[in-house]
Every structure is written in structure tokens, then in C-alpha cells.
Colleague: 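One structure follows; several queries about it will come next.
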Amino acid sequence: MLKYVIRNLQYLTLIFGVLFSFAVKAQGVVNIYNWYDYIDLSILPDFEQESGIKVNYQTFSSAHEIIQLLEQKKPIDIAVVPHFMLKQLVRKRLLSPLEQATLQPTRENLDAFIASRVTLVGAGDYAVPYLWYTAALGFNRSSLAKVLGDDFKEDWSLLFDAAQNAKIKGCGIAVADAPVELYATLLSYSGYPGLLDKTPLNRMRRLTRKNLFELRNNLRYIDSDRYLYDLGKGDLCLAMGWSGGISRAAQMNKDVQVVLPSNHALTMAFDALVIPKTAKNSAAAHQFINFLSKPEISARNVNQTFYGSPLKNIKPFLKPELQNSPLLQLTAQNKNRMQLLSAPGIEQQAEMDALWDAFSHQ
């Protein structure tokens, strides 16, 4: 009788062991969606080795694309989204609240200035900053000098003035698929700095007709992935994108220079780590967020992407040539200049979507 009981217990132990191993495997995958070329890829196997969790890593190329995936209930454990989309995602109930106690290591590493920006957009319970940036214009000085002469004005008129960009067309102009950043910069250039949610719709339409439709005729393409490499290789002479991408192009090509938005403030934006309602492995997602928020790990992302870290005490981990970059440091001077790129209002977002669709498909 005892042997029978022991044998049955052994069978049950084996069965439960098999079931448990399947459960562990089922829970051992984290599905991550991030912008293209926006991470040091060597971080992923390091996380897998430390945690035992397999990473399924996918990329996208526009904010519109990730919003669509979330609205279609794609099973995503972590998504990287622009801060100006957070209110919209929370309002549509597409995000899960974060477990703040689990993320205590992350909270302790965050720079207080950046953390307060998350609260400012009403997403403190749903998002953790990933990397920050500004809109930027990059140009190849030697290429433009051949077309415009040596004394051309190094500002955003190169992009928004029709007479200027018509002359530049032959050597190549591109813009990233970034309507919010482009409209905010265009408004500032046109003398209307301020909040996108307060912008009259007729002003957006007028500036689109005056500046963007003329620009579209002279653009080589609209794409968020290609512009930094083409600018760095010399295949473009002018590109509008993000500070990290333009800075990387400047590292590739000594003739590439960077122009920030023309107002006195430094308009910053950040991308945030969120856990969608469709997440299948919230525990692994929280674990990955904590991993990314170690200073030595975040610094590897900065060293690779040239976007700013939201963490404090990160400077010792950066490459020497990046440690004093004004586009990567949350210095007191930068903080005094920084204003957060505002989220468009509901009406402004709808109008912008329609105008951008007309612009990009012209």
C-alpha cells in the first residue's frame, strides 16, 4: 500500500513538474514594441541572461503606427510611446496602471525634473520616462554652401521658406514622420509659440498651405528611419528629425551641423514606457522597466542612440565625448530653458491628422 501511494505521488510530482515548466515557459516571454533603432540591442540578451525571460522585440516607425497597434488590442507587454500621446491613451483606457512598489528602484533613479514632467501630462500612474529629445534640423554645410553660397542663414528658414527649400531640392531634403514636432516647430518659427491644444484650427490650415504644401513639392521623402543615415552619408543636405538622430548623423559626417528650434526655450519631449491593457506578462514588463532604469544600462542606450537619459547620476557611464553634450545633459541651465512639448487638443489632433495625411500623400 505504501509503495502504491509513493508511486502515485511520484507520478503526480512528475505531472505537476511538467505543467509547472509549461507555465514558466508561457510566462517567460515579454513582448516589447519600440521605435526603430532606439535601443542598444545588446541590452536585450543581457536582460534575458539575468532574468531568464525571453524577449520578443518588435519595432515601429511612427506614433500613428503604435497607436493603431494598441487600439487593435495587439498583445503587447511594453510599448514605447511619445509623452504627448499619453493623455489620449489613458482616456481611451488602453493602458494599465503601473505597480509603483515594484518600480521603486526605477523611481529612485529618475531625475526629479523628468519625473515631474510625467506628472505634468497626467500620466504618473501609467508611464515611466525612457529617453528625452528635442526636434532638430540637420544640414550638410558644404553641400548647402554650393547651392546657397557660404553666408547662408543657418536656421529653420532652410526648411520652411519655399524659396530656400526650392533651391535645396536637388541635393535632398527629408523630414521624419513626426507631425506633432513639425507643427510645434512651424508654429514657433511663424511667431506663434505656445500650446498646441490652444492653436486655432484655421491657423494650422493656413500654415500648412503656406509652408508645408510648398515644402512637400521639394521633399525627397517623409520617413523616420532613413534620414539620419542618408544625412550622415551625404545623400541628403537637409533633414528635420529628432536631436538623437541628427546628432548621430553629425557623428558620421563632420560636415553635418545641428539647428534647434528658433525660440529661446528648448522644447523637449520624451518617450515613455507603458504597459498596455493587453499585456500578457505584466510581471516581466515591470522587471524589464527596472532593468532599463539602471544608470549603467540607460547609459548604453544613450551611447548608442544619442538621446538623453531621464536618470540622475548617469554621466560617469557615458562615453567621454558625450559627457558634456548640451543635447544629452539635464543641466540646471538646460532645465531653466526647457519647456515640454504640449499635447494637441482633441480638435487640434483631428485637424493635424487630416492635414498631415494630405501633406504626406500630396
Side-chain angles (χ1 to χ4, degrees), residues 60-68 71 81-89 91-92 121-122 133-139 153 155-169 172-224 227 238-242 259-269 339-362:
F60 55 87
S61 298
S62 71
H64 179 70
E65 187 178 344
I66 187 60
I67 297 298
Q68 276 192 323
E71 290 178 339
V81 299
H83 80 270
F84 47 80
M85 293 294 183
L86 288 171
K87 274 187 181 179
Q88 174 186 344
L89 296 176
R91 185 174 64 248
K92 293 182 176 181
V121 297
Y133 58 93
T134 69
L137 187 68
F139 65 91
K153 193 173 182 180
D155 66 7
W156 286 74
S157 66
L158 294 169
L159 186 71
F160 292 132
D161 182 87
Q164 290 272 68
N165 59 59
K167 296 177 184 177
I168 303 168
K169 176 181 179 179
I173 307 173
V175 299
D177 190 357
V180 174
E181 292 92 327
L182 187 62
Y183 269 101
T185 307
L186 174 58
L187 286 164
S188 178
Y189 167 81
S190 303
Y192 304 109
L195 302 177
L196 280 174
D197 61 347
K198 305 295 185 185
T199 301
L201 302 187
N202 62 349
R203 180 177 297 162
M204 296 178 69
R205 297 179 193 125
R206 178 171 57 81
L207 292 178
T208 299
R209 289 193 298 269
K210 178 183 176 183
N211 299 97
L212 295 190
F213 284 165
E214 290 291 336
L215 169 65
R216 186 66 184 95
N217 295 328
N218 298 322
L219 280 184
R220 186 168 294 176
Y221 59 76
I222 301 169
D223 190 278
S224 298
Y227 75 90
L238 185 70
M240 177 269 171
W242 299 288
V259 181
L260 297 178
S262 55
N263 56 10
H264 295 295
L266 185 61
T267 303
M268 73 166 294
Q339 63 181 24
L340 190 65
L341 179 64
S342 64
I346 295 175
E347 290 185 349
Q348 285 78 7
Q349 184 66 63
E351 185 68 26
M352 189 183 302
D353 288 344
L355 292 172
W356 187 259
D357 184 66
F359 167 67
S360 58
H361 293 95
Q362 184 181 343

Colleague: Residues two or more places apart in sequence or in another chain: which of them pass salt bridge (Lys or Arg N to Asp or Glu O under 4.0 Å) with Arg205?
Modeller: Glu351
Colleague: Does the side-chain contact (heavy atoms from CB on, under 4.5 Å) test come out yes or no for Asn217 and Lys169, once each step is laid out?
Modeller: CA-CA 9 Å; Asn217 295 328; Lys169 176 181 179 179; 5.7 Å; no
Colleague: Could you tell me whether the side chain of Arg216 and the main chain of Phe359 form a donor-acceptor pair under 3.5 Å?
Modeller: yes
Colleague: Taking atom CD as the centre, does Gln68 end up with more than 12 heavy-atom neighbours from other residues, nucleotides or ligands that are less than 6.0 angstrom away?
Modeller: yes
Colleague: Quick one: which of Tyr183, Tyr189, Phe213 gives a ring pair (Phe, Tyr, Trp, His ring centres under 6.0 Å) with Phe160?
Modeller: Tyr189
Colleague: Under the salt bridge (Lys or Arg N to Asp or Glu O under 4.0 Å) definition, can you give me all pairs with a residue in residues 180-202, not counting sequence neighbours?
Modeller: none
Colleague: Go through the structure and list residues passing salt bridge (Lys or Arg N to Asp or Glu O under 4.0 Å) with Lys167, not counting sequence neighbours.
Modeller: none
Colleague: For residues Leu158 and Leu238, report the shortest heavy-atom separation together with the two atoms involved.
Modeller: O-CD2, 3.5 Å
Colleague: Is any side-chain heavy atom of Leu212 closer than 4.5 Å to a side-chain heavy atom of Leu355?
Modeller: no
Colleague: Over all heavy atoms of both residues, which pair between Ala63 and Met85 is shortest? Give the atoms and the distance, please.
Modeller: CB-CE, 4.0 Å
Colleague: Could you check whether any side-chain N or O of Asn165 sits under 3.5 Å from a backbone N or O of Leu215, counting only pairs where one atom can act as donor and the other as acceptor?
Modeller: no
Colleague: Sequence neighbours left out, what passes side chain to side chain donor-acceptor pair (under 3.5 Å) with Ser157? Give chain and number order.
Modeller: Asp155
Colleague: Nearest 0.5 Å, what's the CZ-CG distance between Arg91 and Leu86?
Modeller: 11.5 Å
Colleague: Which distance, rounded to the nearest 0.5 Å, do you find between the CE of Met204 and the CG of Leu186?
Modeller: 9.5 Å
Colleague: Side-chain contact, heavy-atom cut-off 4.5 Å: Tyr192 with Thr199?
Modeller: no
Colleague: State the CH2-OG1 distance between Trp356 and Thr208, to the nearest 0.5 angstrom.
Modeller: 9.5 Å
Colleague: Any donor-acceptor pair under 3.5 Å linking the side-chain atoms of Gln349 with those of Asp353?
Modeller: yes
Colleague: What do the steps show when you test Leu341 against Met268 for side-chain contact (heavy atoms from CB on, under 4.5 Å), and what is the final call?
Modeller: CA-CA 6 Å; Leu341 179 64; Met268 73 166 294; over 6 Å; no
Colleague: With a 3.5 Å distance limit and no angle check, can you tell me whether Ser188 reaches the backbone of Ala184 through a side-chain donor-acceptor pair?
Modeller: no
Colleague: Of all heavy-atom pairs between Ala162 and Asn218, which one has the smallest distance, and what is that distance?
Modeller: O-ND2, 4.3 Å
Colleague: Rounded to the nearest 0.5 Å, what's the gap from CD1 on Ile173 to CD1 on Ile222? Could you check?
Modeller: 12.0 Å
Colleague: Apply side-chain contact (heavy atoms from CB on, under 4.5 Å) to the pair Leu159 and Asn211, showing each step before the final yes or no.
Modeller: CA-CA 9 Å; Leu159 186 71; Asn211 299 97; over 6 Å; no
Colleague: Would you say Ile346 has more than 12 foreign heavy atoms packed within less than 6.0 Å of its CD1?
Modeller: no
Colleague: Suppose we screen for side chain to side chain donor-acceptor pair (under 3.5 Å). Which residues come up paired with Gln348, at least two apart in sequence or across chains?
Modeller: none
Colleague: For Ser62, check side-chain contact (heavy atoms from CB on, under 4.5 Å) against everything at least two apart and list the hits.
Modeller: His64, Glu65, Asp177
Colleague: Just verifying a value: how many Å separate Ser190 OG and Lys210 NZ, rounded to the nearest 0.5 Å?
Modeller: 6.0 Å
Colleague: Search all heavy atoms of Met352 against all heavy atoms of Pro344 and return the closest pair with its distance.
Modeller: CE-CG, 3.9 Å
Colleague: So, for Trp242 and Tyr133, which heavy atoms are closest and what is the spacing to 0.1 Å?
Modeller: CD1-CE1, 3.3 Å
Colleague: With rounding to the nearest 0.5 angstrom, report the OG1 to CG distance, Thr185 to Leu137.
Modeller: 9.0 Å
Colleague: Determine the minimum heavy-atom distance between Phe84 and Ser342, stating which atoms define it.
Modeller: CB-O, 4.3 Å
